[in-house]
Amino acid sequence: MANTGIQLLGFTLAFLGFIGLIASTVMVEWKASSYAGDNIITAQALYEGLWKTCASQSTGQVQCKVYDSLLQLPGIVQGTRGLMLCAIMMCFISIMLDMVGMRCTTCMSEQPEQKDKVALAGGVIFIIAGVLAMVGTSWYGQRITQEFYDPFTPTNSKYEFGSALFVGWGAAALIIIGGSFLCCNCSSKGSGKSPRYPAPRSAGQPDKNFV
């Protein structure tokens, strides 16, 4: 039952990462306005996400605006959108595969070898999805860092990492770890399948004992 426990642990971690990936994608705090080194006191905080921008007032009022045109968006936003959506879709496919392939389910129980292969495929797709999400969030974070340290960027136009980036990094890590646990089950699946008893002899063969 050790392999079943590893599968359950891997699926749980990957599923939590899948939920975090969706939350990160829809969150608006991908980057937050920074006033480091600025002497001007402002009562407004700006946030930008993959789908809209928001301005938070000191009074607690928040105003958001959805991006008007897809074609006018920066390439970094379009690319990150595509990577995150691809990662979410691949995670969904992996969940469907692992619900069939895990040993704790009854689907394909009469075909254990095929069942393990389905679980392996789900784990591999989980890992690929986690890598895509990690690339998307890291790419976006690298652009924020590059603009922050650019001497030609005005101080009041600089941004820092938002909470959505940290959620995305954590979710991607959980998905990769969970997919790895699902895959490592197949490395030992053949260890317990070799016969531990001699092959049956035919009726005409004499019984020979060797000392």
Side-chain angles (χ1 to χ4, degrees), residues 10 13-92 94 124-181:
L13 292 176
F15 185 79
L16 292 176
F18 171 64
I19 299 300
L21 205 61
I22 295 176
S24 173
T25 304
V26 301
M27 289 173 66
V28 73
E29 298 91 355
W30 275 72
K31 61 180 182 178
S33 57
S34 172
Y35 302 100
D38 191 3
N39 295 325
I40 301 176
I41 300 176
T42 179
Q44 178 175 281
L46 302 177
Y47 303 97
E48 289 189 12
L50 301 180
W51 312 98
K52 58 185 177 180
T53 61
C54 290
S56 176
Q57 308 293 335
S58 60
T59 58
Q61 183 180 6
V62 179
Q63 296 178 344
C64 295
K65 180 182 179 182
V66 180
Y67 294 129
D68 296 328
S69 174
L70 175 64
L71 300 179
Q72 292 180 352
L73 290 176
I76 182 69
V77 176
Q78 297 184 23
T80 306
R81 269 188 186 183
L83 289 171
M84 299 300 286
L85 291 177
C86 287
I88 291 174
M89 292 300 299
M90 294 182 72
C91 283
F92 180 77
S94 298
V124 171
I125 297 176
F126 263 134
I127 294 176
I128 296 174
V131 170
L132 289 178
M134 187 68 72
V135 170
T137 50
S138 299
W139 182 24
Y140 198 96
Q142 187 274 337
R143 180 60 63 89
I144 295 175
T145 304
Q146 180 181 359
E147 293 177 351
F148 184 86
Y149 289 106
D150 187 353
F152 298 102
T153 303
T155 304
N156 57 359
S157 299
K158 292 183 177 181
Y159 287 86
E160 295 183 356
F161 295 158
S163 56
L165 272 180
F166 297 102
V167 174
W169 279 323
L174 286 177
I175 293 171
I176 294 175
I177 295 173
S180 300
F181 282 165

Undergrad: Does the side chain of Glu48 come within less than 4.5 Å of Val77's, by heavy atoms?
TA: no
Undergrad: What are the two closest heavy atoms between Phe126 and Ser94, and how far apart are they?
TA: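 Shortest heavy-atom contact: N-OG, 3.2 Å.
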Undergrad: Is it the case that more than 12 heavy atoms not belonging to Phe166 sit under 6.0 Å from its CZ atom?
TA: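 Enclosed: over 12 neighbouring heavy atoms sit under 6.0 Å from CZ of Phe166.
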Undergrad: Which heavy atom of Leu132 sits nearest a heavy atom of Ala87, and at what distance?
TA: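 Minimum heavy-atom separation between Leu132 and Ala87: CB-CB, 4.3 Å.
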Undergrad: Are Ile175 and Met90 close enough that some pair of their side-chain heavy atoms sits under 4.5 Å apart?
TA: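 In short, these two side chains do not touch, never coming nearer than 4.5 Å.
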Undergrad: What's the verdict on side chain to side chain contact (heavy atoms under 4.5 Å, CB included) for Thr137 and Met84, showing C-alpha distance, side-chain angles and the deciding distance?
TA: CA-CA 8 Å; Thr137 50; Met84 299 300 286; 4.2 Å; yes
Undergrad: Measuring from atom CD of Glu160 to atom OG of Ser33, what distance do you get when rounded to the nearest 0.5 angstrom?
TA: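 Rounded to the nearest 0.5 Å, the CD-OG separation comes out at 8.5 Å.
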Undergrad: So, does Tyr67 use its side chain to make a donor-acceptor pair with the main chain of Gly49 at under 3.5 Å?
TA: yes
Undergrad: Per the side chain to side chain contact (heavy atoms under 4.5 Å, CB included) rule, which among Val131, Leu13, Ile128 passes with Ile176?
TA: Val131
Undergrad: Answer yes or no: is there a donor N or O on one side and an acceptor on the other, between the side chain of Gln78 and the main chain of Leu73, under 3.5 Å?
TA: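 Such a contact is found between Gln78 side chain and Leu73 backbone.
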Undergrad: Run Ile144 and Trp30 through side chain to side chain contact (heavy atoms under 4.5 Å, CB included) and show every step you take.
TA: CA-CA 10 Å; Ile144 295 175; Trp30 275 72; 5.9 Å; no
Undergrad: Give, for atom CD1 of Ile76 and atom OH of Tyr140, the distance between the pair rounded to the nearest 0.5 Å.
TA: 7.5 Å
Undergrad: Walk me through whether Arg81 and Leu70 qualify under side chain to side chain contact (heavy atoms under 4.5 Å, CB included).
TA: CA-CA 11 Å; Arg81 269 188 186 183; Leu70 175 64; 3.3 Å; yes
Undergrad: Is there side-chain contact between Phe161 and Thr145, with at least one heavy-atom pair below 4.5 Å?
TA: yes
Undergrad: Please give me the minimum heavy-atom distance between Cys91 and Leu21, naming the atom from each residue.
TA: SG-CD2, 4.3 Å
Undergrad: So do the side chains of Tyr47 and Val62 get within less than 4.5 Å of each other, counting heavy atoms only?
TA: no
Undergrad: What's the shortest heavy-atom distance between Met134 and Ala173, and which atoms?
TA: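 Closest heavy-atom pair between Met134 and Ala173: CE-N, 4.0 Å.
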Undergrad: Would you please name every residue forming a side-chain contact (heavy atoms from CB on, under 4.5 Å) with Gln63, sequence neighbours left out?
TA: Gln61
Undergrad: Quick check: do Ser24 and Trp169 have side-chain heavy atoms less than 4.5 Å from each other?
TA: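 A side-chain contact is absent here, since even the closest heavy-atom pair is not under 4.5 Å.
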Undergrad: In Å and rounded to the nearest 0.5 Å, what is the CE to CD1 distance from Met89 to Ile125?
TA: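 Reported to 0.5 Å precision, the distance equals 11.5 Å.
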Undergrad: Just by distance, no angles: are the side chains of Trp51 and Thr25 close enough, under 3.5 Å, to form a donor-acceptor pair?
TA: no
Undergrad: Kindly indicate whether the side chain of Ile88, heavy atoms from C-beta on, has any atom under 4.5 Å from the side chain of Phe18.
TA: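 SC-SC contact between Ile88 and Phe18 confirmed.
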Undergrad: Nearest 0.5 angstrom please: Thr80 OG1 to Leu165 CG, how far?
TA: 9.0 Å
Undergrad: Looking only at heavy atoms, which two atoms of Ala172 and Gly130 are closest? And how far apart?
TA: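 Closest pair (atom of Ala172, atom of Gly130, distance): CB-O, 3.6 Å.
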Undergrad: For Glu147 and Lys31, work out which heavy atoms get closest and say how close.
TA: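 Smallest interatomic distance, heavy atoms only, reads OE1-NZ, 4.1 Å.
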